[in-house]
Each structure stands twice: as structure tokens, then as C-alpha cells.
Amino acid sequence: MNGKKRAYIGIDIGGTNLRLALIDERGAIIHKTKSRTDIHHGRSSFFSRLGKGIESLLLAARDNNIEPAGLGAGVPGLIANDGHVYVSVNLRPLDGVNLRDELQAMSGLPAVVANDVNAFAFGESVYGAGRDYRSFLMVTLGTGVGGGLILGGKVWTGIDGVAGEFGHMTVEAEGRPCPCGNRGCLEQYASASALVSAAREMICQQKDVFGAQCDVAAISTKILAAAALDGNQAALDLFADAGRYLGIAAASVANLLNLEAIILGGGVSSSFNLLCESMRREVLARAFPIPGKRLVIRQASLGDDGGILGSAALARSFLQEEKP
């Protein structure tokens with residue numbers, strides 16, 4: 001590497017935001033950029049913005065006498081182990097694209113592409129709340145419910161690259177329809193969308209259930225969390241119910257895999273203390289005693305940087321021939 005410091009590019013491609021960073025081997029962020037994903041403008045426009053973002057990081061590396069060694073990217077959706085995007089609901093123009101090949105062509109660097117929650121999970125494993133565990137399930141609570149498995153210190157993606165879809169575990173056999181085609185999926189009961197939907201139903205029945213200022217149009221998980229922390233019983237019950245459903249699904253995972261921990265991230269995880277008790281109670285009631293009592297439930301620690309840190313760590317791991 002000509003005596004230069006080694007670093008990696010980490011990319012987090014979200015439905016709303018596109019984050020890129022140059023990250024050294026210790027996990028320190030050297031340079032970071034953020035822009036709108038704006039995928040609705042089409043694939044070519046998106047790739048042009050992505051290429052410019054990568055170019056800015058390569059320039060930052062040169063200016064800091066750093067040798068970029070590789071690139072990792074996290075993308076929401078079903079992503080094959082070779083970087084092929086099977087389907088990405090929020091990034092439809094990327095469906096069918098081998099994103100790894102595109103990124104290698106843009107950057108001239110070896111690249112690895114993973115599901116965004118798998119990348120987040122690996123970031124927590126290397127730099128965050130998962131450092132003390134060799135096996136855990138990363139759960140992200142946002143618009144949907146995502147999952148990423150760390151087994152033996154490595155990301156477990158399954159034979160086709162699509163393992164870890166925790167949000168589509170069935171928790172109600174004849175439950176609410178899910179866009180995936182199933183009924184009763186966890187994310188229909190424990191996601192931000194599910195919480196807001198349930199709250200709106202309650203407001204329609206009793207307008208001031210969460211306080212006089214909380215109308216149907218304004219309601220959000222932030223408002224619900226504030227109401228719960230202020231002692232509003234209806235809001236407390238909503239979070240407790242979401243935690244209960246998380247616990248139902250987590251108990252099955254505990255019995256199946258005997259994991260050390262479940263780590264909660266994503267926007268709704270900021271309400272961790274409102275979810276954790278009912279989730280833990282359900283795990284203890286439903287899982288076998290040994291895996292149930294062992295299972296630790298923790299909050300993620302990397303926040304918005306989890307995706308870029310994890311993607312960069314995946315690139316480093318891949319280049320060191322420690323396949324995640």
C-alpha cells in the first residue's frame with residue numbers, strides 16, 4: 001500500500017438518504033457525505049449521483065494521503081451474495097442490477113454489497129453493541145421491521161443471500177395482510193407504520209386519546225413516544241403491544257438458534273425502554289428456559305452511522321478473506 005494508511009468506503013443506500021463515508025481500519029470516519037437518494041429520477045440519475053459521491057471520497061483519500069482498499073454498500077431488499085439485487089421495494093430502479101459490478105466499475109475498487117440490515121448488524125458486531133457477542137439478531141424498527149443475523153461472528157445470509165427476514169415471521173396466523181403476500185407478519189404489528197396506523201384508528205374512535213393536539217394527520221411515533229413517557233396509558237399500551245409481538249417472534253428465534261442477544265436499532269428503537277419490558281416478558285414466557293433466560297435484549301449504539309460503518313467493515317472483512 002506504498003506506506004499509506006488504509007481505509008474503506010462505506011455506503012448506506014436508503015429509500016430517502018444516501019450516505020457515504022471514508023472509514024479507517026479502526027472505524028474512525030475520515031470524511032462523510034449525505035444527500036437525497038431521489039431514486040424516482042431513475043437508475044441513470046441515481047448512478048450519476050452515486051458516482052460523484054464516490055469520487056468525492058476518493059479525492060478526500062488522496063488529500064489525506066490514504067489508500068482506499070475496498071468498498072462496501074448496504075441496500076434495503078433481497079440481495080444475493082454476489083451483489084445482485086433481486087428486489088428492493090423502495091428502490092425499484094435497482095431491481096435486477098448487479099450492484100457490486102456497478103460499484104467496482106465506478107470506483108476501481110473491489111466491492112461487496114449486502115442487505116442494509118446485514119451491514120448494520122456487522123457494524124454493531126465490529127464497533128457497537130454487538131462487540132461482546134458471537135451470535136445475535138439485529139432487528140431494525142422503522143417503516144418496516146428488518147433483521148440481520150450474526151452467527152459465529154459473521155453475517156449469516158443463507159444459501160441465496162436472503163436470510164434474516166425477521167419482520168416477515170408470522171405472529172398472527174390469520175392476521176393483517178402484508179404487502180409481501182402473507183398475513184400476520186411481525187412488521188404489521190411492531191413497525192413505525194403499524195404503531196401509527198393503530199394510533200390513527202384509536203384517534204378516530206376517541207379524538208383526544210393521546211391529547212388534544214394529536215390529530216390523525218399529525219400523529220407519529222415521536223409524538224406517541226412523548227405521550228407514553230408522559231404517562232398516557234393508550235400510548236403505553238401501543239408500545240407494550242408492539243413489544244409483545246416482538247417477543248413472540250424473538251422466542252421462536254431463541255428456541256431455534258440459542259442466540260446470545262437481540263439488538264434493536266432503527267427509528268422506533270429510540271423508544272427501547274417502552275418496548276423492552278413486554279418483549280422480555282414474552283420471551284421468558286414462550287421460549288425454553290435455557291435459550292430464553294440467556295437471551296439479552298439491547299439497544300443498538302451506532303445510530304445513523306451503523307450502515308456506513310458496517311458496509312466498510314464488510315469490505316475489510318471480504319478483502320481479508322473472512323467472508324461475512
Side-chain angles (χ1 to χ4, degrees), residues 27 74 114-142 144-158 162-169 171 186-187 189-192 239-240 242-314 317 322-324:
N115 167 272
D116 59 340
V117 185
N118 286 338
F120 195 170
F122 199 63
E124 290 289 343
S125 176
V126 176
Y127 301 118
R131 282 179 293 181
D132 295 333
Y133 310 111
R134 295 284 291 168
S135 66
F136 66 86
L137 173 68
M138 178 83 207
V139 176
T140 55
L141 303 172
V145 176
L149 268 173
I150 299 292
L151 298 179
K154 298 181 180 180
V155 179
W156 175 256
T157 59
V162 299
E165 288 294 328
F166 185 66
H168 295 284
M169 292 185 68
V171 292
L186 173 63
E187 72 173 37
Y189 298 88
S191 63
F239 282 101
R244 184 175 71 85
Y245 279 112
L246 285 166
I248 291 171
S252 294
V253 172
N255 282 342
L256 180 66
L257 295 174
N258 191 194
L259 299 173
E260 294 171 88
I262 286 182
I263 295 174
L264 299 181
V268 181
S269 74
S270 60
S271 303
F272 178 81
N273 291 333
L274 299 172
L275 298 162
C276 185
E277 184 178 344
S278 59
M279 183 178 176
R280 161 56 60 193
R281 187 165 54 245
E282 207 68 30
V283 168
L284 291 174
R286 293 177 180 272
F288 288 129
I290 292 173
K293 290 179 180 179
R294 168 178 286 281
L295 190 71
V296 176
I297 301 172
R298 291 190 61 178
Q299 188 174 7
S301 63
L302 298 180
D304 288 343
D305 289 336
I308 52 175
L309 286 167
S311 295
L314 281 170
S317 176
E322 300 172 0
K323 286 195 174 183

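Counting heavy atoms from C-beta on, the side chains of Ile150 and Tyr133 never come closer than 4.5 Å. Side-chain contact check for Leu149 versus Leu259: some heavy-atom pair is nearer than 4.5 Å. Counting only heavy atoms from C-beta outward, the side chains of Met138 and Ile263 approach each other to under 4.5 Å. Residues Ile262 and Leu246 fail the side-chain proximity criterion, which asks for heavy atoms closer than 4.5 Å. Contact annotation: the side chain of Leu264 approaches that of Met279 to within less than 4.5 Å [non-hydrogen atoms, C-beta and beyond]. Here the side chains of Asp132 and Val296 are not in contact, with every heavy-atom distance at 4.5 Å or above.
Partners of Phe136 according to the ring-ring contact (aromatic ring centres under 6.0 Å, His included) rule, which considers only residues two or more places apart in sequence or in another chain, do not exist here.
Side chain of Thr140 to main chain of Gly266: no donor-acceptor pair is present (N/O by atom type, distance under 3.5 Å, no hydrogens or angles). Remark: the backbone N or O of Ser125 is not paired with any side-chain donor or acceptor of Arg131 at under 3.5 angstrom. Of the possible donor and acceptor atoms, one in the side chain of Gln299 sits under 3.5 Å from a partner among the backbone N and O of Ser269. In terms of modelled atom types and a separation under 3.5 Å, the side chain of Ser311 and the main chain of Ile308 share no donor-acceptor contact. Panel note: side chain Arg298, backbone Ala261; no donor-acceptor pair is recorded below 3.5 Å.
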> Can you check side-chain contact (heavy atoms from CB on, under 4.5 Å) on Tyr189 and Val145, steps first, answer last?
Replying inline: CA-CA 10 Å; Tyr189 298 88; Val145 176; over 6 Å; no
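In this structure, the separation between CG on Leu141 and CZ on Phe272 is 10.5 Å, given to the nearest 0.5 Å. Interatomic distance, CZ of Phe122 versus NZ of Lys154, reported as 9.0 Å (0.5 Å rounding). Between the CG atom of Leu309 and the CG atom of Asp304 there is a distance of 11.0 Å, given to the nearest 0.5 Å.
Looking at every heavy atom in both residues, Val171 comes nearest to Ala249 through CG1-CB, 4.1 Å. Residues Gly142 and Ser191 come closest through the heavy atom pair O-CB, 3.4 Å. Nearest approach of Tyr127 to Ala313, heavy atoms of both residues: CE1-CB, 4.1 Å. Closest heavy-atom contact between Phe239 and Leu275: O-CD2, 3.3 Å. Across all non-hydrogen atoms, the minimal contact from Ala190 to Ala242 is CB-O, 3.8 Å. Nearest heavy atom pair, residue Ile297 against residue Cys276, reads CG2-SG, 4.2 Å.
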Less than 3.5 Å apart, which donor and acceptor atoms pair up between the side chains of residues 282-292 and the rest of the protein, not counting sequence neighbours?
from, atom 1, to, atom 2, distance (Å)
Glu282, OE2, Arg286, NE, 2.6
Glu282, OE2, Arg286, NH2, 3.2

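The list of side-chain hydrogen bond (donor to acceptor under 3.5 Å, both in side chains) pairs with a residue in residues 242-265, not counting sequence neighbours, reads Ser135-Glu260, Glu172-Tyr245, Asp241-Arg244.
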